[in-house]
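Structure record follows, encoded as structure tokens.
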Amino acid sequence: MNPEIHIHTEKLSFGYSESREVTKQYALHCHNFYEVYYFLEGEVDYLVEGQRYRPTADSVLLLSPHVFHGVRINSPMPYKRYSMHFHPDLLSQERRPFLLHSFPQSGRPEEKTIYFEHADKFRLPSCLESLEECALMPEPFREQILPIRVEALLAEIAAMSIAVKSYSGNETENTVTDILFYINKHLSEAITLDHIADHFFISKHHLNKVFRKATGTTVMDYLLRKRVVHAQLMLNNGCHAKDAALKSGFGDYSSFYRAYIKTLGHAPGKDRGIFLAVSEQMKQETVFMHVESQRADNL
């Protein structure tokens with residue numbers, strides 16, 4: 001494991017990392033590609049859409065596009081991990097559905113397990129090491145071998161997901177999960193805080209209280225930022241800005257334009273028809289909110 005070895009291509013970013021810096025907050029972000037996070041060593045908490053995980057050695061998190069997530073490093077002991085970010089087009093079309101079926105695609109988030117322990121029992125470390133070896137290969141050969149080795153890793157993950165039982169959260173976390181699912185399902189509709197509170201038969205105050213405790217922000221701020229990320233993906237695929245605004249649930253273009261610049265730092269037109277390489281997307285990841293430690297600890 002060499003911290004200096006990283007691979008960056010248009011559709012893949014992979015590497016092994018070590019750090020010792022302690023962080024007091026989660027810097028939540030999201031992106032438009034898939035991520036495999038393999039934890040080796042350290043003391044950290046990982047937050048995914050309001051659900052907290054405390055990874056153990058040789059554990060794995062599977063992150064789908066548009067999911068807000070972030071890590072908090074709790075001690076100066078070495079924090080060691082692998083991460084692989086990839087675009088689905090890297091995979092062969094015939095095997096893609098099978099290789100991605102372990103990642104949540106749609107439906108209720110809790111119906112898919114995203115956290116797995118004892119992943120070393122499924123030969124994932126050897127798959128990760130074989131990907132590391134690709135960094136030292138000549139470019140033409142590496143281009144051919146990378147997709148094969150990525151698919152080998154994802155095949156082992158698919159086998160693991162079939163064999164391992166679900167991770168379950170507590171009642172409060174499940175309530176927030178239900179709210180998150182509802183928001184994401186109705187993202188393009190004209191939903192309001194009153195509408196969501198009525199749907200879950202709770203007061204607006206209590207709704208925001210449990211939501212903020214889990215995610216670090218308010219319901220409507222979360223909804224706004226999710227809509228911006230959704231619109232960005234449509235723009236990348238060639239959609240006109242006004243159509244992207246409408247399909248993302250913005251009532252008018254001016255509010256969409258202001259929210260887009262505030263969230264991403266540039267105008268919507270800059271992203272239209274642009275396929276960003278995975279490495280470039282990582283540089284532009286949408287930082288959502290720094291979640292205060294005490295809030296996350298009360299999950």
Side-chain angles (χ1 to χ4, degrees), residues 26-32 47-52 64-70 104-111 169-237 239-268 271 285-292 295-296 298-299:
Y26 297 86
L28 297 185
H29 60 277
C30 73
H31 38 61
N32 293 327
L47 197 63
V48 183
E49 294 280 5
Q51 174 73 59
R52 187 180 67 174
S64 297
H66 314 139
V67 170
F68 280 105
H69 58 279
Q105 304 295 322
S106 59
R108 298 181 66 81
E110 69 269 24
E111 290 179 355
N170 61 37
E171 185 177 351
T172 300
E173 291 167 342
N174 289 336
T175 299
V176 174
T177 299
D178 289 339
I179 296 169
L180 290 167
F181 170 73
Y182 183 83
I183 291 173
N184 283 281
K185 185 178 180 181
H186 299 277
L187 203 61
S188 62
E189 301 173 18
I191 55 176
T192 64
L193 189 63
D194 286 307
H195 185 88
I196 298 170
D198 289 343
H199 180 82
F200 288 96
F201 303 102
I202 56 179
S203 69
K204 291 188 293 182
H205 173 75
H206 184 64
L207 171 61
N208 261 330
K209 182 179 179 180
V210 297
F211 195 87
R212 182 184 286 275
K213 183 184 291 185
T215 67
T217 191
T218 65
V219 172
M220 299 313 291
D221 192 47
Y222 173 87
L223 174 63
L224 178 73
R225 293 170 187 270
K226 281 289 255 190
R227 283 173 167 168
V228 167
V229 172
H230 183 62
Q232 184 187 36
L233 179 61
M234 287 190 286
L235 288 166
N236 292 158
N237 291 331
C239 185
H240 289 282
K242 288 186 177 180
D243 291 334
L246 182 64
K247 293 176 181 177
S248 299
F250 286 93
D252 60 84
Y253 183 76
S254 60
S255 62
F256 163 70
Y257 187 87
R258 291 193 301 270
Y260 203 95
I261 291 179
K262 181 180 179 180
T263 304
L264 297 177
H266 57 264
D271 288 332
E285 282 180 344
T286 308
V287 176
F288 182 40
M289 178 68 67
H290 290 284
V291 182
E292 295 175 7
R295 286 177 182 164
N298 289 327
L299 282 176

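Heavy atoms only: backbone and side chains are in, while hydrogens, waters and symmetry mates are out. One-based numbering along the sequence shown.
Take His199 and apply the ring-ring contact (aromatic ring centres under 6.0 Å, His included) test, not counting sequence neighbours, and it matches Tyr182. The salt bridge (charged side-chain N to carboxylate O under 4.0 Å, His left out) check on Lys185 picks up nothing, with sequence neighbours excluded. Remark: Asp194 engages Lys204 in a salt bridge (charged side-chain N to carboxylate O under 4.0 Å, His left out) (not counting sequence neighbours).
In this structure, CD1 in Ile179 is found 5.0 Å from CG in Leu207, a value given to the nearest 0.5 Å. To the nearest 0.5 Å, atoms CZ (Arg225) and CG (Leu223) are separated by 12.0 Å. Separation of atoms CG (Asn184) and CD (Glu49) is listed at 6.0 Å; rounding is to 0.5 Å.
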Quiz item: side chain to side chain contact (heavy atoms under 4.5 Å, CB included) between His69 and Leu47: does it pass, once the steps are laid out?
Solution: CA-CA 5 Å; His69 58 279; Leu47 197 63; over 6 Å; no
Exercise. Kindly indicate, with the supporting measurements, whether the criterion side chain to side chain contact (heavy atoms under 4.5 Å, CB included) is fulfilled by Leu264 and Asp271.
Key: CA-CA 10 Å; Leu264 297 177; Asp271 288 332; 4.2 Å; yes
Practice problem: Mind running side chain to side chain contact (heavy atoms under 4.5 Å, CB included) on Leu180 and Phe68 for me, showing each step along the way? | Solution: CA-CA 11 Å; Leu180 290 167; Phe68 280 105; over 6 Å; no
Self-check item: Arg212 vs Tyr222, side chain to side chain contact (heavy atoms under 4.5 Å, CB included): CA-CA, chis, key distance, verdict
Solution: CA-CA 10 Å; Arg212 182 184 286 275; Tyr222 173 87; over 6 Å; no
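In this structure, the side chains of Ile183 and Phe211 come closer than 4.5 Å at one or more pairs of heavy atoms. When side chains are defined from C-beta on, Phe250 counts as touching Val228, because their heavy atoms get closer than 4.5 Å. In this structure the side chain of His66 reaches within 4.5 angstrom of the side chain of Asn32, judged on heavy atoms. Side-chain contact between His206 and Val210 is present, with heavy atoms from C-beta onward closer than 4.5 Å.
Put simply, the side chain of Ser64 gets close to the backbone of Pro104: a donor and an acceptor are under 3.5 Å apart. In this structure a side-chain-to-backbone donor-acceptor pair under 3.5 Å is missing from His31 to His29. Judged by distance alone, the side chain of Lys247 and the main-chain N or O of His230 form no donor-acceptor pair under 3.5 Å.
Checking Asp252 against Ser255 by side-chain atom types alone, a donor-acceptor pair falls below 3.5 Å.
Residues Leu224 and Ala259 come closest through the heavy atom pair CD1-CB, 3.7 Å. Taking every heavy atom of both residues into account, Ala244 and Cys239 meet most closely at N-SG, 3.6 Å. Here the closest heavy-atom approach between residue Leu187 and residue Lys226 is recorded as CD1-CB, 3.9 Å. Closest non-hydrogen pair, Pro268 versus Tyr253, comes out as CG-OH, 4.2 Å. A pairwise comparison of heavy atoms in Asn208 and Val219 identifies OD1-N, 3.1 Å as the closest pair.
A ring-centre distance under 6.0 Å is not found for Tyr257 and Tyr260.
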